[in-house]
J.: 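Sharing a structure below in structure tokens format, with a few things to ask.
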Amino acid sequence: MKAAAEPLVPDPTSLLPPHPPVQLLDDTGTLHEVEGYPLDLKEQDYRNLYRYMVLARRVDKQAINLQRQGQLGVYASLLGQEAAQVGGAYALSEQDWVFPSYREMGAALVRGVDPGKILHLFRGTWLSNHDPHQYRFGLLSIPIGTQALHAAGFAMGAKFDGKDIVVMAYFGDGATSEGDPHEAMNFAAVYDAPCIFFVQNNQYAISVPLSLQTRAPTIAHKGVGYGIPGLRADGNDVLATYAVTRKAVERARAGQGPSLIEAVTYRMEAHTTADDPTRYRSSEELAEWKARDPIARFETFLEHEGLLDEAFRAEIDEEARAYAARMRQEIYDAPHGDPLELFEHVYVEPPPSYAEQREQLRRELEAEREVS
Ligand SMILES: Cc1ncc(C[n+]2csc(CCOP(=O)(O)OP(=O)(O)O)c2C)c(N)n1
Ligand SMILES: [Mg+2]
């Protein structure tokens with residue numbers, strides 16, 4: 001009889017996520033420190049976390065309004081997910097990289113990207129108007145989960161080059177059922193790549209609830225299958241998402257490889273402006289999550305700590321107005337774009353059928369112009 005094979009990890013249970021999710025601020029905004037998740041934040045950091053969350057909510061509202069005015073084709077709101085996005089991104093350093101999905105306006109703000117630049121994707125002018133290398137923030141990914149592969153590959157490259165870069169991919173609960181994140185997590189694990197897979201479990205993939213998405217005990221448990229630690233945070237607690245991500249960042253920076261983080265949160269708005277969520281979820285469920293609002297909870301904490309006064313609120317308000325004005329200007333001034341650009345930057349050597357299709361579209365556009 002053969003001897004039992006040694007497990008690849010000395011203690012596989014060390015990869016299991018904590019249960020329940022790590023929470024530092026309870027629903028009433030009271031701080032309870034949790035062993036293993038220390039907070040190293042200064043007063044300015046607490047203020048910044050709040051500022052980014054409030055700004056994220058305001059720019060999100062502005063984007064929805066622009067869509068309602070017909071300026072954007074569609075928009076995917078982050079309402080309710082401010083703490084997940086901001087806490088996670090805040091744990092990264094300047095040289096680190098983020099590969100986002102289409103819902104990550106909050107993370108974009110933390111990276112310093114002007115939100116109006118990103119809205120070009122939703123307007124259809126261009127993929128974005130920001131330079132990913134300047135902010136180390138990739139283009140928003142619409143094909144579900146593809147950015148996890150980009151992140152894993154980038155992290156592997158950074159490791160081969162001996163660079164001190166941690167890479168984070170944001171994706172959703174629904175994306176964990178796709179092949180791309182699976183392959184990304186497996187590759188990143190095998191190569192000990194400095195990559196963090198940050199899942200915002202907002203309970204839905206359009207109309208599909210989590211219960212129809214997976215039979216895994218939690219999304220974080222999936223990490224065990226790749227040999228990477230699964231971490232869980234209360235996604236509506238910005239201090240928890242920060243502290244949990246920081247742990248994953250430290251691990252990645254120390255050369256110990258990737259982690260999978262599940263931030264348990266809720267999408268308060270429709271999936272996108274093209275969706276009607278009243279068809280698949282109840283007002284009771286919505287009310288339950290509204291009571292756990294990430295900004296209100298943090299606000300209570302900050303007030304108690306004496307970190308929030310009228311002057312600071314007014315400052316943020318002013319900043320939010322400026323952001324919103326810049327967003328409007330950027331989008332009102334945006335070019336309508338040339339539909340023939342669809343054919344640019346796809347092939348180095350386009351196949352003949354491609355040229356025919358381009359020519360067909362060109363003729364159709366010309367005919368339309370002649371009629372109007
Ligand atoms: C590869 C791919 N398949 C299907 C879709 C259509 N689609 C758009 S959003 C979405 C749900 C994604 O849910 P989740 O990953 O939970 O992210 P969330 O929208 O909740 O942030 C789907 C299936 C897509 N964009 N890409
Ligand atoms: Mg989801």
Side-chain angles (χ1 to χ4, degrees), residues 21 56-57 59-60 63-64 67 72-89 98-109 118 121-122 124 127-128 137-152 168-185 196-216 218-223 230 232-236 241 260-281 285-286 288-289 292 294:
R57 186 165 289 188
V59 301
D60 190 66
I64 291 175
Q67 196 282 331
L72 304 177
V74 72
Y75 175 71
S77 167
L78 61 80
L79 189 69
Q81 298 180 216
E82 295 87 353
Q85 293 191 16
V86 169
V98 172
F99 287 84
S101 88
Y102 45 78
R103 207 181 287 289
E104 264 72 78
M105 196 75 106
L109 273 178
I118 287 196
L121 176 72
F122 295 106
L127 291 174
S128 181
F137 188 81
L139 300 178
L140 304 195
S141 184
I142 303 269
I144 301 301
T146 47
Q147 70 278 17
L149 282 171
H150 305 159
M168 189 149 92
Y170 281 100
F171 51 94
D173 42 295
T176 62
S177 305
E178 292 266 351
D180 288 4
H182 162 82
E183 292 162 30
M185 288 192 264
I196 299 173
F197 299 98
F198 192 104
V199 177
Q200 289 178 82
N201 171 7
N202 64 7
Q203 313 300 328
Y204 286 90
I206 314 185
S207 58
V208 177
L210 188 67
S211 57
L212 293 179
Q213 196 65 250
T214 181
R215 281 286 181 259
T218 72
I219 287 174
H221 276 83
K222 291 177 183 239
R232 277 185 107 209
D234 176 340
N236 284 17
T241 56
L260 167 62
I261 297 175
E262 175 186 3
V264 183
T265 182
Y266 194 80
R267 191 196 79 215
M268 294 301 292
E269 260 289 350
H271 168 69
T272 66
T273 45
D275 170 49
D276 174 10
T278 59
R279 294 176 60 181
Y280 56 84
R281 61 185 196 186
E285 183 179 294
L286 207 63
E288 210 176 286
W289 281 93
R292 311 191 58 213

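Atoms within a ligand are numbered from 1 in the order they appear, just like the ligands themselves.
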J.: Would you mind running through ligand 1 and noting each atom that sits below 4.0 Å from a heavy atom of P143?
T.: 26 (N)
J.: Pick one of side chain, backbone, both or neither for how E178 approaches ligand 1, counting any non-hydrogen atom pair under 4.0 Å.
T.: side chain
J.: Looking at ligand 1, is there an atom of it that comes within less than 4.0 Å of some heavy atom belonging to Y204?
T.: yes
J.: Please identify which atoms of ligand 1 are closer than 4.0 Å to at least one heavy atom of Y102.
T.: 9 (S), 12 (C), 17 (O), 18 (P), 19 (O), 21 (O)
J.: Which bit of H271 is near ligand 1, meaning a heavy atom under 4.0 Å away: side chain, backbone, both or neither?
T.: side chain
J.: So is R103 touching ligand 1 or not, going by heavy atoms under 4.0 Å?
T.: yes
J.: At what distance is the nearest protein heavy atom to atom 14 (P) of ligand 1, and which residue and atom is it?
T.: G174 N, 3.4 Å
J.: Between the side chains of Q213 and D173, is a donor N or O closer than 3.5 angstrom to an acceptor N or O?
T.: no
J.: Using a 4.0 Å heavy-atom cut-off, say whether I144 meets ligand 1 through its side chain, its backbone, both or neither.
T.: both
J.: Closer than 2.8 Å to the Mg ion (ligand 2), do we get an N, O or S atom from Y204, backbone or side chain?
T.: yes
J.: Considering only the protein, which heavy-atom contact is closest to atom 25 (N) of ligand 1, and what is its distance?
T.: I142 O, 3.1 Å
J.: For N/O/S atoms only: which one belongs to D173 and is nearest the Mg ion (ligand 2)?
T.: OD1
J.: So, is N202 placed with an N/O/S atom under 2.8 Å from the Mg ion (ligand 2), counting both backbone and side chain?
T.: yes
J.: Over 60° means perpendicular and under 30° means parallel, so tell me whether Y266 and Y204 are parallel, tilted or perpendicular.
T.: perpendicular
J.: Rounded to the nearest 0.5 Å, how far does CG of L260 lie from CE of M185?
T.: 5.5 Å
J.: Using a strict cut-off of 4.0 Å, indicate which atoms of ligand 1 neighbour a heavy atom of A175.
T.: 15 (O)
